[in-house]
Amino acid sequence: MSLSTYYYDPFSLFTISDFGRLFDPRTPSTSRELSRSEDVPGVVRPRMDLYGSKDKNEMTAAFELPGLKKEDVDIEVVGNRLVVSGQASTSENIDEDDYALHERRCGRFSRTLPIPAGTKPEDIKAEMKEGVLTVKFPKSSPEKEAKKITVA
């Protein structure tokens, strides 16, 4: 039986400047729905849930991408990493000075997560439904039958 390890760093969700805004009473809580990526300036990281099935050899990553269509999202396998990226845009052309409140974010987004070594792209399944992108991939490579070794 092989085990896959997934590392979760809760502090990777925020940059140092985001921590100051967490305690600022003028910051509405809804503006924290998407966090900035430390990897690439100006790129938003969508919220994600990652969970596995005890019965199946399968992991599921669910990404919140409200208002996007499947054509707006790119999914790539780069080495042992799954990269979900794309572009969110608004359809209205509104001048920045005309906003009384501007909480919705637009622009590029990207999220990267590790996948088990040897995962083939054809083993990864993705579905977009009601603003939630669900990506399923194997927890580990298929188990091989144990072979007995005789001692000479």
Side-chain angles (χ1 to χ4, degrees), residues 1-22 27-94 99 101-149:
M1 178 174 158
S2 65
L3 298 174
S4 297
T5 304
Y6 292 94
Y7 297 99
Y8 173 71
D9 180 10
F11 298 105
S12 68
L13 298 174
F14 300 99
T15 62
I16 296 296
S17 63
D18 287 331
F19 279 107
R21 284 186 279 161
L22 285 173
T27 303
S29 62
T30 55
S31 68
R32 289 184 228 125
E33 287 185 15
L34 298 175
S35 59
R36 292 278 173 194
S37 172
E38 293 179 19
D39 306 87
V40 183
V43 176
V44 174
R45 290 178 51 173
R47 287 178 157 185
M48 175 188 75
D49 290 335
L50 181 64
Y51 53 94
S53 170
K54 293 179 182 177
D55 301 335
K56 301 178 194 173
N57 182 33
E58 183 176 77
M59 292 296 292
T60 302
F63 300 88
E64 283 186 356
L65 302 172
L68 295 181
K69 297 178 238 149
K70 63 182 181 179
E71 295 81 21
D72 300 328
V73 179
D74 294 318
I75 304 171
E76 298 176 324
V77 175
V78 180
N80 292 338
R81 299 198 176 273
L82 179 75
V83 180
V84 176
S85 61
Q87 178 96 9
S89 59
T90 57
S91 58
E92 302 96 18
N93 291 326
I94 300 172
Y99 279 103
L101 179 65
H102 189 186
E103 292 182 345
R104 296 184 338 181
R105 294 199 182 178
C106 59
R108 294 182 307 141
F109 64 88
S110 180
R111 190 73 191 251
T112 302
L113 64 141
I115 58 175
T119 302
K120 298 175 187 165
E122 55 268 13
D123 293 338
I124 300 172
K125 308 294 181 216
E127 178 185 35
M128 183 79 150
K129 188 175 183 181
E130 297 179 8
V132 177
L133 173 67
T134 305
V135 181
K136 296 183 179 196
F137 55 91
K139 277 187 190 179
S140 61
S141 54
E143 298 291 330
K144 295 186 178 177
E145 189 176 318
K147 295 182 182 179
K148 187 166 182 137
I149 308 294

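Throughout, residue positions are numbered sequentially from 1 according to the sequence presented.
- Here the shortest heavy-atom pairing between Gln87 and Phe109 reads N-CE2, 3.4 Å.
- With values rounded to the nearest 0.5 angstrom, Ser85 atom OG is found 13.0 Å from Arg111 atom CZ.
- Residues Asn80 and Gly118 approach most closely at OD1-N, 4.1 Å, considering heavy atoms.
- In this structure, the separation between OG1 on Thr112 and CD on Glu76 is 9.5 Å, given to the nearest 0.5 Å.
- Around atom CD of Glu122, more than 12 heavy atoms belonging to other residues, nucleotides or ligands sit under 6.0 Å away.
- Summarising the geometry, atom NZ belonging to Lys125 is positioned 14.5 Å from atom OG1 belonging to Thr134; distances are rounded to the nearest 0.5 Å.
- Note that OG1 of Thr60 is 11.0 Å distant from CD of Glu127, once rounded to the nearest 0.5 Å.
- Between Ser110 and Pro46, the closest heavy-atom pair is O-CD, 3.9 Å.
- Here the closest non-hydrogen pair linking Arg81 and Ile115 is N-CG1, 3.9 Å.
- Two residues are said to be in side-chain contact when any heavy atoms from C-beta on lie closer than 4.5 Å; Phe137 and Val77 fail this criterion.
- Taken to the nearest 0.5 Å, the CG atom of Leu65 stands 11.5 Å off from the CE atom of Met48.
- Remark: Asp72 pairs with Leu68, Lys69 by the side chain to side chain contact (heavy atoms under 4.5 Å, CB included) rule, at least two apart or across chains.
- A donor-acceptor pair under 3.5 Å is absent between the side-chain atoms of Arg47 and the main chain of Glu64, judged by distance alone.
- With sequence neighbours excluded, the residues satisfying side chain to side chain contact (heavy atoms under 4.5 Å, CB included) with Lys56 are Ser53, Glu58.
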Using the side chain to side chain contact (heavy atoms under 4.5 Å, CB included) rule, take Phe63 and Ile75 through it: C-alpha gap first, then chi angles, then the decisive distance, then the call. CA-CA 12 Å; Phe63 300 88; Ile75 304 171; over 6 Å; no
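- Of all the heavy atoms in Pro138 and Pro116, the pair that sits closest is O-CG, 3.4 Å.
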